[in-house]
Engineer: 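Just dropping this structure here.
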Amino acid sequence: MDLINIFNDGVSDSGILFILVLIDTTLAVTYQIKSGGKLLSSAMISGLLRNFVLCFMPALVHILAIYHPRTDGIYQLISAVLSLYIGFAILQSIMAYTDLWGVKYPDWINNWLSGEIKDKVEKGDNKNDK
């Protein structure tokens, strides 16, 4: 099986990323409520905009492939790399929020998540809002 064919179109990849963004957003809002922070902080709004724009990048590559077709599979490769990179970042954010909610991970995962967890706690404190 050719692994690049898993990423057959950017629309389905964007759909999966959109679901992950919704999960991440839900966890972010519930964490803000739990920590007593503002629901519409500047850090949260910028994170939402960034995540929602990024989750549709594979679909934009798919649209580009429709209007400028190529036979070498470069669009599938670009869509695959974008989907994996963006999905990896969103998954890290989801896991950081679940860690803040009390889910315990092995030490090597906690080391990987430590910077992201620190950022989430600082955003929850709303130090940057005026």
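No experiment lies behind these values; they were computed from the predicted model shown. Nothing fancy with the numbering, it's 1 onward along the sequence. Note that these values count all heavy atoms, side chains included, but never hydrogens, waters or copies made by symmetry.
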Engineer: Under the side-chain contact (heavy atoms from CB on, under 4.5 Å) test, which residues partner Pro69, sequence neighbours left out?
Structural biologist: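 Checked Pro69 against side-chain contact (heavy atoms from CB on, under 4.5 Å); zero matches.
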Engineer: Taking only residues two or more places apart in sequence, or in another chain, which ones meet Ser93 in a side chain to side chain donor-acceptor pair (under 3.5 Å)?
Structural biologist: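 Side chain to side chain donor-acceptor pair (under 3.5 Å) check on Ser93 returns Asp24, Lys120.
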Engineer: When you measure from the side chain of Ser114 to the backbone of Asn111, do you find a donor-acceptor pair of N or O atoms at a distance under 3.5 Å?
Structural biologist: yes
Engineer: Quick check for you: to the nearest 0.5 Å, what is the distance between Ile23 atom CD1 and Leu91 atom CG?
Structural biologist: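 Result: 9.5 Å between the selected atoms.
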Engineer: Honestly curious: do Leu82 and Val53 fall in one hydrophobic cluster under the side-chain, below-4.5 Å linking rule?
Structural biologist: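 Per the 4.5 Å side-chain linkage, Leu82 and Val53 are not co-clustered.
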Engineer: Side-chain contact test, heavy atoms from C-beta onward, threshold under 4.5 Å: evaluate it for Leu20 versus Ile94 and give yes or no.
Structural biologist: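 The answer is yes; the side chains approach within 4.5 Å.
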Engineer: Distance from Ile86 atom CD1 to Arg50 atom CZ, nearest 0.5 Å?
Structural biologist: 11.0 Å
Engineer: Could you grab the distance from atom CG of Leu60 to atom CD1 of Ile78, nearest 0.5 Å is fine?
Structural biologist: 12.0 Å
Engineer: Under the rule for ring-ring contact (aromatic ring centres under 6.0 Å, His included), what residues qualify as partners of Trp101, not counting sequence neighbours?
Structural biologist: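 For Trp101 there are no ring-ring contact (aromatic ring centres under 6.0 Å, His included) partners, ignoring immediate neighbours.
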Engineer: Say you draw a straight line from CD of Gln76 to CG of Asp13; how long is it, rounded to the nearest 0.5 Å?
Structural biologist: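 Reported to 0.5 Å precision, the distance equals 10.0 Å.
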Engineer: Considering residues at least two apart in sequence or located in another chain, which fulfil the ring-ring contact (aromatic ring centres under 6.0 Å, His included) criterion with Tyr67?
Structural biologist: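 Here no residue qualifies.
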Engineer: Between atom CD of Gln92 and atom CD1 of Ile109, what is the distance when rounded to the nearest 0.5 Å?
Structural biologist: 11.0 Å
Engineer: Identify whether Val11 and Ile16 are in the same connected component of the hydrophobic contact network (ILVMFWY, side-chain heavy atoms under 4.5 Å).
Structural biologist: no
Engineer: When you measure from the side chain of Glu116 to the backbone N and O of Met95, does any donor-acceptor pair fall under 3.5 Å?
Structural biologist: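 Side chain of Glu116 to backbone of Met95, a donor-acceptor pair under 3.5 Å: no, none is there.
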Engineer: Identify, with sequence neighbours excluded, every residue that meets side-chain contact (heavy atoms from CB on, under 4.5 Å) alongside Phe18.
Structural biologist: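 Residues passing side-chain contact (heavy atoms from CB on, under 4.5 Å) with Phe18: Leu22, Phe52, Cys55, Phe56.
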Engineer: Considering all heavy atoms of both residues, which atom of Pro58 and which atom of Leu17 are nearest to each other, and what is their separation?
Structural biologist: CG-CD1, 3.9 Å
Engineer: How would you list, by chain and number, every residue that makes a side-chain contact (heavy atoms from CB on, under 4.5 Å) with Val29, sequence neighbours excluded?
Structural biologist: Thr25, Ile33, Leu39, Met44
Engineer: Any salt bridge (charged side-chain N to carboxylate O under 4.0 Å, His left out) pairs touching residues 88-111, not counting sequence neighbours?
Structural biologist: none
Engineer: Sequence neighbours left out, what passes side chain to side chain donor-acceptor pair (under 3.5 Å) with Thr98? Give chain and number order.
Structural biologist: Tyr105
Engineer: Going by the rule side-chain contact (heavy atoms from CB on, under 4.5 Å), which residues pair with Tyr75 if we only count those two or more places apart in sequence or in a different chain?
Structural biologist: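 With sequence neighbours excluded, Tyr75 shows a side-chain contact (heavy atoms from CB on, under 4.5 Å) to Val61, Leu64, Ala65, His68, Arg70, given in chain and number order.
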